[in-house]
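Single-structure report; data block below.
For clarity, every value in this text was computed on a predicted model and none was experimentally measured.
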Amino acid sequence: MTRILRDIKSADEFDQVYDIMDASFPKTEHRPYEKQKKLLDNPAYRLFGVSRGAADADAAGSRIDAFAAVWEFEEFTYLEHFAVRPGLRSQGIGSAVLGNLQEIYDRPICLEVELPETEQAVHRIGFYKRNHYYFNDYTYEQPKLSEQYPAVPLRIMTSGRPISRQEFEKVRSILYRRVYGILT
């Protein structure tokens, strides 16, 4: 597979990513702009972009068509945010991004999904299942990302295989402590 992911470094590219994030996720599921941008200073956080159709897709300044925001931990990689620009969805870009991430990280990848209570959530879970992710039906709550919004009930999906209750507890503990700053 050809690698399509590249590191996002410039302010313009971050702004494009944030625009896609804001269009793709409810306000309860992403941080305000400045807090999100500050994560770029965290050595465990990495932001990848995808540019399609640009003359030089590796060049900074290209239009960002999709992105993946990950946290790199020793035990697993956490795919915190992942989205394709509206209008470019259902063209295989998302599956290619997930394939690239699996090539980059030689360890399990986990992510959060909404409960399968809406057509959109069921569709999203189905997409991840088609890409070899497993829905782990353990109760999980994403902590508040902003004081004005509540915590969000979600589920964890994992690449390769489902996880045991003990593995889930470890994943949740690491996410709460390292991503959300909550002591467990």
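Residue pairs meeting the salt bridge (charged side-chain N to carboxylate O under 4.0 Å, His left out) criterion with at least one partner in residues 15-30, sequence neighbours excluded, are Asp22-Lys27.
A donor-acceptor contact shorter than 3.5 Å links the side chain of Ser51 to the backbone of Arg63.
Residues Val97 and Phe48 form no side-chain contact, since every pair of their non-hydrogen atoms from C-beta on lies 4.5 Å or further apart. Here the side chains of Asn136 and Arg155 are not in contact, with every heavy-atom distance at 4.5 Å or above. Residues Val17 and Gln36 have side chains not in contact (no heavy-atom distance under 4.5 Å, counting atoms from C-beta outward). Looking at Ile125 and Met157, their side chains come closer than 4.5 Å, going by heavy atoms from C-beta outward. Here the side chains of Leu98 and Tyr128 are in contact, with some heavy-atom distance below 4.5 Å. Side-chain contact between Leu101 and Thr77: absent, with no pair of heavy atoms (C-beta onward) separated by less than 4.5 Å. Leu175 has its side chain within reach of Tyr140: a pair of non-hydrogen atoms, C-beta onward, lies under 4.5 Å apart. The shortest distance between side-chain heavy atoms of Tyr149 and Pro26 does not fall below 4.5 Å.
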Self-check item: Residues Ile64, Arg6; criterion side-chain contact (heavy atoms from CB on, under 4.5 Å); working and verdict
Solution: CA-CA 10 Å; Ile64 304 297; Arg6 62 184 174 78; 3.3 Å; yes

Practice problem: Test side-chain contact (heavy atoms from CB on, under 4.5 Å) on Glu169 and Tyr138 and set out the steps. | Solution: CA-CA 9 Å; Glu169 296 293 340; Tyr138 303 117; over 6 Å; no

Exercise. Give the intermediate values and the outcome of side-chain contact (heavy atoms from CB on, under 4.5 Å) for residues Asn42 and Trp71.
Key: CA-CA 9 Å; Asn42 188 317; Trp71 291 82; 3.4 Å; yes

Exercise. Show your reasoning for whether side chain to side chain donor-acceptor pair (under 3.5 Å) applies to Glu72 and Tyr105.
Key: CA-CA 9 Å; Glu72 300 172 331; Tyr105 296 106; 2.4 Å; yes

Practice problem: Go through the steps to decide whether Arg130 and Ser95 satisfy the test side chain to side chain donor-acceptor pair (under 3.5 Å), and finish with yes or no. | Solution: CA-CA 9 Å; Arg130 287 189 302 279; Ser95 293; over 6 Å; no

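For Phe14 and Phe67, the ring centers are positioned 6.0 Å apart or more.
Residues Tyr33 and Tyr18 come closest through the heavy atom pair N-OH, 3.1 Å. Of all the heavy atoms in Ile93 and Ala66, the pair that sits closest is CG2-CB, 3.9 Å. Closest approach of Pro86 and Ala23 over heavy atoms only: CG-CB, 4.3 Å. When all heavy atoms of Leu47 and Ala69 are compared, the closest pair comes out as CD1-CB, 3.7 Å. The heavy-atom pair separating Glu167 from Ser164 by the smallest distance is OE1-N, 2.7 Å. The two residues Cys110 and Ile156 make their nearest non-hydrogen contact at CB-CG2, 4.1 Å.
One distance of note links CD of Gln102 with CD1 of Ile109; it measures 4.0 Å at 0.5 Å rounding. How far CZ of Arg124 is from OG of Ser24: 8.5 Å, rounded to the nearest 0.5 Å. Remark: Glu75 CD to Ser173 OG distance equals 9.5 Å, nearest 0.5 Å. The NE2 atom of His81 sits 5.0 Å away from the CE atom of Met21 when rounded to the nearest 0.5 Å. Going from atom CG of Leu5 over to atom CZ of Arg46 covers 9.0 Å, rounded to the nearest 0.5 Å. Note that CZ of Arg85 is 6.0 Å distant from CG of Asp65, once rounded to the nearest 0.5 Å.
The number of heavy-atom neighbours closer than 6.0 Å to CG of Asp41, taken from other residues, nucleotides and ligands shown, is above 12. Other residues, nucleotides and ligands place more than 12 heavy atoms under 6.0 Å from the NZ atom of Lys144.
A continuous path of ILVMFWY side-chain contacts below 4.5 Å connects Tyr180 to Leu39, so both sit in one hydrophobic cluster. No continuous path of ILVMFWY side-chain contacts below 4.5 Å connects Phe82 to Tyr134, so the two sit in separate hydrophobic clusters. A continuous path of hydrophobic side-chain contacts links Tyr78 to Leu40 [ILVMFWY only; heavy atoms under 4.5 Å]. When the side chains of ILVMFWY residues are joined at heavy-atom separations under 4.5 Å, either directly or via intervening members, Ile182 and Leu154 end up in a single hydrophobic cluster.
Aromatic ring pairs are classed by plane angle as parallel below 30°, tilted from 30° to 60° and perpendicular above 60°; the pair Phe76 and Phe73 is perpendicular.
Between Glu141 and Tyr176, the side chains place no donor N or O within less than 3.5 Å of an acceptor N or O (distance only, hydrogens not considered).
With respect to the salt-bridge test (charged N to carboxylate O, under 4.0 angstrom), the residues Lys37 and Glu34 do not qualify.
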